[in-house]
Asks: 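First the structure, which I've put down as structure tokens, then a few questions once you've had a look.
All of these numbers come straight from a predicted model, not from anything done at the bench. Here is the naming used below: chain letters follow the sequence lines, and residue numbers restart at 1 for every chain.
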Number of protein chains: 2
Amino acid sequence: MTIREICEKYGLTADTLRYYERIGVIPTVNRTKGGIRNYTEEDVKWVENAVCMRSAGVPMEKLIEYVKLCQEGDSTFQARRDLLAEVREEVQEQLDRYKTTMERLNYKISRYDEAIKTGVLSWDSEGCK
Amino acid sequence: MTIREICEKYGLTADTLRYYERIGVIPTVNRTKGGIRNYTEEDVKWVENAVCMRSAGVPMEKLIEYVKLCQEGDSTFQARRDLLAEVREEVQEQLDRYKTTMERLNYKISRYDEAIKTGVLSWDSEGCK
DNA sequence: ATAATGCCTGGAGTTTACTCCAAGTCAAGA
DNA sequence: TCTTGACTTGGAGTAAACTCCAGGCATTAT
């Protein structure tokens with residue numbers, strides 16, 4: 001597959017895809033004789049992985065580390081698992097923060113809905129901003 | 001309360017707190033005769049709001065806009081509600097992405113746990129990276 | 001009285017993750 | 001053959017959100 005197809009599939013720009021490859025967030029993609037990138041199914045999976053992890057704010061650093069471990073072969077299963085567990089921990093913490101913020105937003109919006117009806121903005125106990 | 005106390009309470013640096021005030025993510029804090037910031041309960045609530053929203057990736061832009069609307073008085077209830085609803089939409093989308101990533105991580109980690117036991121890394125159907 | 005400590009302002013510098021660009025190559029169509 | 005258009009590389013530029021610093025005032029401790 002061409003870089004264009006991958007871009008469209010994942011909503012990335014060609015620059016971003018090349019950048020990901022350059023810094024090692026995905027492994028090197030093979031080229032045609034002409035020097036043009038030709039993405040295999042394997043490459044696509046790597047792109048998908050990068051997109052998914054990045055969408056949850058996993059830093060490039062971690063992705064690069066993971067790719068490196070994968071390239072070192074089967075002896076790195078434990079290291080990869082540890083890395084993923086560490087990432088999971090951070091994603092979970094972030095997820096919890098998002099939930100807390102959602103609750104706050106829901107509460108505030110409900111207070112504003114009330115205020116729009118009654119003309120008065122009021123908060124339970126402590127108040128809010 | 002002093003800037004130091006607020007820093008400790010929310011795990012921010014004094015530079016960050018001053019920066020927030022400077023760009024309008026929180027309203028201007030009153031000073032002592034000596035010119036030193038003296039945070040009221042009200043100010044603290046604004047800081048808490050900023051910290052909570054920022055922790056879910058809400059851009060400064062939105063927070064500044066919200067603070068401005070609040071300062072314009074009761075005529076902006078609807079505008080504030082709309083702004084919060086827009087923010088909620090984005091936070092929800094991000095939350096969903098985090099959930100998807102968590103699932104992927106859980107799956108991968110379970111596969112690695114298996115691999116560590118058996119010595120062989122295998123994926124259901126499509127495979128993964 | 002003086003030294004230390006803490007806070008002040010305005011502005012410059014840093015980090016992360018892209019994003020853009022110039023100059024060049026290559027394959028396909030007129 | 002010549003042009004067009006997509007792709008290449010290496011490197012410079014950008015945006016968002018801090019983070020650091022110099023030079024200066026003010027309160028507190030000795």
Side-chain angles (χ1 to χ4, degrees), chain A residues 1-40 43-44 46-47 49-67 87 90-91 94 97-98 101, chain B residues 1-40 43-44 46-47 49-67 87 90-91 94 97-98 101:
Chain A
M1 292 195 229
T2 68
I3 200 166
R4 167 151 295 252
E5 288 168 314
I6 308 296
C7 287
E8 276 159 16
K9 195 166 160 70
Y10 293 104
L12 300 173
T13 68
D15 270 320
T16 300
L17 269 174
R18 284 189 289 253
Y19 169 68
Y20 278 4
E21 186 179 341
R22 176 157 49 179
I23 65 167
V25 155
I26 60 172
T28 306
V29 175
N30 282 327
R31 317 293 155 111
T32 61
K33 300 116 246 177
I36 285 169
R37 283 173 182 77
N38 184 25
Y39 291 80
T40 62
D43 295 325
V44 174
W46 276 112
V47 172
N49 182 62
V51 168
C52 178
M53 293 300 144
R54 286 296 306 135
S55 80
V58 177
M60 310 294 253
E61 266 298 293
K62 302 284 184 188
L63 303 183
I64 294 169
E65 220 176 309
Y66 182 72
V67 170
V87 166
E90 277 150 28
V91 172
Q94 200 53 46
R97 278 181 222 119
Y98 270 81
T101 302
Chain B
M1 288 196 234
T2 68
I3 200 167
R4 168 150 294 252
E5 288 168 316
I6 308 297
C7 287
E8 275 159 17
K9 194 166 161 71
Y10 293 105
L12 300 172
T13 67
D15 270 321
T16 300
L17 269 174
R18 284 188 289 251
Y19 169 67
Y20 279 4
E21 186 179 339
R22 175 156 52 179
I23 66 168
V25 155
I26 60 172
T28 306
V29 175
N30 281 328
R31 316 294 155 109
T32 62
K33 299 118 248 174
I36 284 170
R37 284 173 182 77
N38 185 23
Y39 291 81
T40 64
D43 295 325
V44 174
W46 276 113
V47 172
N49 182 63
V51 168
C52 179
M53 294 301 145
R54 287 295 306 133
S55 81
V58 177
M60 309 294 254
E61 264 301 290
K62 302 284 183 186
L63 303 184
I64 294 169
E65 221 174 309
Y66 182 72
V67 170
V87 166
E90 278 150 27
V91 171
Q94 200 52 45
R97 279 182 221 118
Y98 271 81
T101 302

Asks: Could you check whether A:Ile3 gets within reach of a base, just the sugar-phosphate, or nothing at all, counting any heavy atom under 4.0 Å?
Replies: sugar-phosphate
Asks: Has B:Tyr20 got a side-chain N or O lying under 4.0 Å from the OP1 or OP2 atom of D:dC18?
Replies: yes
Asks: Other residues, nucleotides and ligands only: do more than 12 of their heavy atoms fall within 6.0 Å of CG on B:Asn38?
Replies: yes
Asks: When you measure from the side chain of B:Arg54 to the backbone N and O of B:Cys52, does any donor-acceptor pair fall under 3.5 Å?
Replies: no
Asks: Distance criterion of 3.5 Å, no angle test: do you see the side chain of B:Asp15 paired donor-to-acceptor with the base of D:dC20?
Replies: yes
Asks: Does OP1 or OP2 of D:dT8 have a side-chain N or O of A:Arg37 closer than 4.0 Å?
Replies: yes
Asks: Has the side chain of B:Glu5 got a donor or acceptor atom that lies under 3.5 Å from a matching backbone atom of B:Thr2?
Replies: yes
Asks: Distance check: side-chain N/O of B:Thr16 vs OP1/OP2 of D:dT19, anything under 4.0 Å?
Replies: yes
Asks: Any N or O donor-acceptor pair under 3.5 Å from the base of C:dG6 to the side chain of B:Arg4?
Replies: no
Asks: So, under a plain 3.5 Å distance rule, would you say the side chain of A:Arg22 forms a donor-acceptor pair with the base of D:dG11?
Replies: yes
Asks: Below the 4.0 Å mark, does D:dC18 have OP1 or OP2 next to a side-chain nitrogen or oxygen of B:Arg54?
Replies: yes
Asks: Is the distance from OP1 or OP2 of D:dT9 to the nearest side-chain N or O of A:Arg31 less than 4.0 Å?
Replies: yes
Asks: For the side chain of B:Arg18, starting at C-beta, report the closest nucleotide among C:dC18, D:dT19, C:dC7.
Replies: C:dC7
Asks: Output yes when a side-chain donor or acceptor of B:Thr101 lies under 3.5 Å from a complementary backbone atom of A:Met53, and no otherwise.
Replies: no
Asks: Mapping A:Lys33 and A:Thr13 to their closest nucleotides on DNA chain C, which lands nearer the 5' end?
Replies: A:Thr13
